[in-house]
Asks: 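Got a structure for you, written out below as structure tokens; questions coming shortly.
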Amino acid sequence: MGDSSKSQTSNWYNVLGIPKSASLSEICKAYKSLVKKWHPDRNPSNKIEAEAKFRSINEAYRALSLKKREEDILKKGGGGEGNGHPSNGEPRVKPPPVQKKIECTLEELCLGCVKNIKITRDAISSSGLIVEEEEILTIQVQPGWKKGTKITFEGKGDEKPGTLPADLVFSVVEKKHPLFRRDGDDLELGLEVPLVQALSGCTTPIPLLGGGQMTVSIDDIIYPGYEKNVPGQGMPISKQGNRGNLRLKFLVEFPAELSNDQRVQIVNILEGCSSSFD
């Protein structure tokens, strides 16, 4: 069994491409480089091989970093506790999950993205010592996720003597956008138009979330609070493949000054139109 353990340890060093004399910082450096290189999203043409290597790299890093931290603790004369895992047969209780937040922009929630998050946690080594462990967790943000969406990593919280490792739960927090506001699957965008265009109709370019723009033509009279829906330009609807609406909310820009003649002309025009609004 001892030879098998040594063989496995040698294999972990080979996976990370480092010598057995490597320090903890060298182990971390090799790990960070390899997880970037072999992340499945960066290797779409050979995703199966990349996923296998990605798992092996994480397994090797976890084992070697724990081993190295344990060695460091022993060299310093303790620091960790023994009897991390009870041997009296009593079942270990799982503590409540550890809650964390992950911030996402509206663009990230619309288009999807990959977030790599570095965590540090207490772990119990095979010999029962408590050591600090670092790991990079990958979250694949899916298009259409909403604030409050939860992503659970089982057993990635702190591990304490007599208990099972807690789960780690990330909750999505939506960052405020300078232009758009989200309302469920729809987006809202405020637009301001001059009074003359509000009364005579207009064609105006509007920005789209994630870049680009489109042109919208409006023949209606635009009054304060007027809204127009642009279908299919809202947020993606998870698992349905379609998108919500972009709701344009108009503000009318009134002139700051008018001459007496202009006032008289406007009154004459509007008095002639008043009956159509009754």
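Because only heavy atoms are used, hydrogens play no part in the values below, and waters and symmetry mates are left out as well, while side chains stay in. Computed from a predicted model, the values in this text were never measured in an experiment.
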Asks: Please enumerate all residues that pass side chain to side chain contact (heavy atoms under 4.5 Å, CB included) together with D167, with sequence neighbours excluded.
Replies: K94, P97, T152, E154

Asks: I'd like to check I151 versus V169 (side-chain heavy atoms, cut-off strictly below 4.5 Å). Are they in contact?
Replies: no

Asks: Between K147 and V173, is the side-chain contact (heavy atoms from CB on, under 4.5 Å) condition met? List the steps.
Replies: CA-CA 5 Å; K147 62 181 179 181; V173 175; over 6 Å; no

Asks: I would like to know whether K156 and V98 meet side-chain contact (heavy atoms from CB on, under 4.5 Å); could you show each step before the answer?
Replies: CA-CA 9 Å; K156 293 299 183 181; V98 179; over 6 Å; no

Asks: Kindly indicate whether the side chain of F180, heavy atoms from C-beta on, has any atom under 4.5 Å from the side chain of L246.
Replies: yes

Asks: Membership question, hydrophobic clusters at under 4.5 Å side-chain separation (ILVMFWY): are V35 and I48 in the same one?
Replies: no

Asks: For the backbone of N245 and the side chain of D186, can you confirm whether one donor and one acceptor N or O come within less than 3.5 Å of each other?
Replies: yes

Asks: Do R181 and L189 touch side chain to side chain, with heavy atoms closer than 4.5 Å?
Replies: no

Asks: How long is the straight-line distance from CD1 of I119 back to CD1 of I136, given to the nearest 0.5 Å?
Replies: 10.0 Å

Asks: Has the side chain of R243 got a donor or acceptor atom that lies under 3.5 Å from a matching backbone atom of G234?
Replies: yes

Asks: Is any side-chain heavy atom of V114 closer than 4.5 Å to a side-chain heavy atom of I139?
Replies: no

Asks: When rounded to the nearest 0.5 angstrom, what is the spacing between CZ in F250 and OH in Y223?
Replies: 11.0 Å

Asks: Does the distance from a Lys or Arg side-chain N to an Asp or Glu carboxylate O, for E132 and R121, drop under 4.0 Å?
Replies: no

Asks: According to a 4.5 Å side-chain heavy-atom criterion applied to Ile, Leu, Val, Met, Phe, Trp and Tyr, with indirect links allowed, do V230 and L179 form part of one hydrophobic cluster?
Replies: yes

Asks: What do the steps show when you test L168 against L137 for side-chain contact (heavy atoms from CB on, under 4.5 Å), and what is the final call?
Replies: CA-CA 10 Å; L168 186 57; L137 303 179; 3.8 Å; yes

Asks: Taking distance alone, no hydrogens or angles, what donor-acceptor pairs closer than 3.5 Å link side-chain atoms of residues 192-208 to residues at least two apart or in another chain?
Replies:
unit_1: S200; atom_1: OG; unit_2: V196; atom_2: O; d: 2.6
unit_1: T203; atom_1: OG1; unit_2: S217; atom_2: OG; d: 3.1

Asks: For K146, enumerate each residue passing the side chain to side chain contact (heavy atoms under 4.5 Å, CB included) test, keeping only those at least two apart in sequence or located in another chain.
Replies: T149, R182, D185

Asks: If a pair satisfies side-chain hydrogen bond (donor to acceptor under 3.5 Å, both in side chains) and one of its residues is in residues 47-59, list it, with sequence neighbours excluded.
Replies: Y31-N58, N46-E49

Asks: Has the side chain of S33 got a donor or acceptor atom that lies under 3.5 Å from a matching backbone atom of A30?
Replies: no

Asks: Do other residues, nucleotides or ligands put more than 12 heavy atoms under 6.0 Å from the CG atom of D220?
Replies: yes

Asks: Of all the heavy-atom pairs spanning A123 and E133, show the shortest one and how long it is.
Replies: CB-OE1, 3.8 Å

Asks: With a 4.5 Å cut-off on side-chain heavy atoms, are F54 and T138 touching?
Replies: yes

Asks: I would like to know whether V15 and I57 meet side-chain contact (heavy atoms from CB on, under 4.5 Å); could you show each step before the answer?
Replies: CA-CA 6 Å; V15 169; I57 292 164; 4.1 Å; yes

Asks: Please tell me whether I222 and L251 are part of a single hydrophobic cluster in this structure, the criterion being side-chain heavy atoms less than 4.5 Å apart.
Replies: no

Asks: Tell me which pairs pass salt bridge (Lys or Arg N to Asp or Glu O under 4.0 Å) where either residue lies in residues 109-118, with sequence neighbours left out.
Replies: E108-K115, K118-E134

Asks: Got a second to check how far L191's CG is from K228's NZ, nearest 0.5 Å?
Replies: 12.0 Å

Asks: How far does OG1 of T105 sit from NZ of K176, to the nearest 0.5 angstrom?
Replies: 15.5 Å

Asks: Which value, rounded to the nearest 0.5 Å, describes the distance between R247 atom CZ and E227 atom CD?
Replies: 6.0 Å

Asks: Treating D158 as the side-chain partner and D122 as the backbone partner, does any N or O pair qualify as donor plus acceptor under 3.5 Å?
Replies: yes

Asks: Any heavy-atom pair between the side chains of E26 and L24 that's under 4.5 Å?
Replies: no

Asks: Taking side chain to side chain contact (heavy atoms under 4.5 Å, CB included) as the test, write out the residues that go with S171, two or more places apart.
Replies: Q99, K150

Asks: Check the hydrophobic clustering (I, L, V, M, F, W, Y; side-chain heavy atoms under 4.5 Å; chains of links allowed) and say if I221 and V252 are grouped together.
Replies: yes

Asks: CD of E135 to OG1 of T120: how many Å apart, nearest 0.5 Å?
Replies: 10.5 Å

Asks: Can you find a pair of side-chain heavy atoms, one from K37 and one from R42, that are under 4.5 Å apart?
Replies: no

Asks: Do the side chains of N11 and Y13 get nearer than 4.5 Å, heavy atoms only?
Replies: no

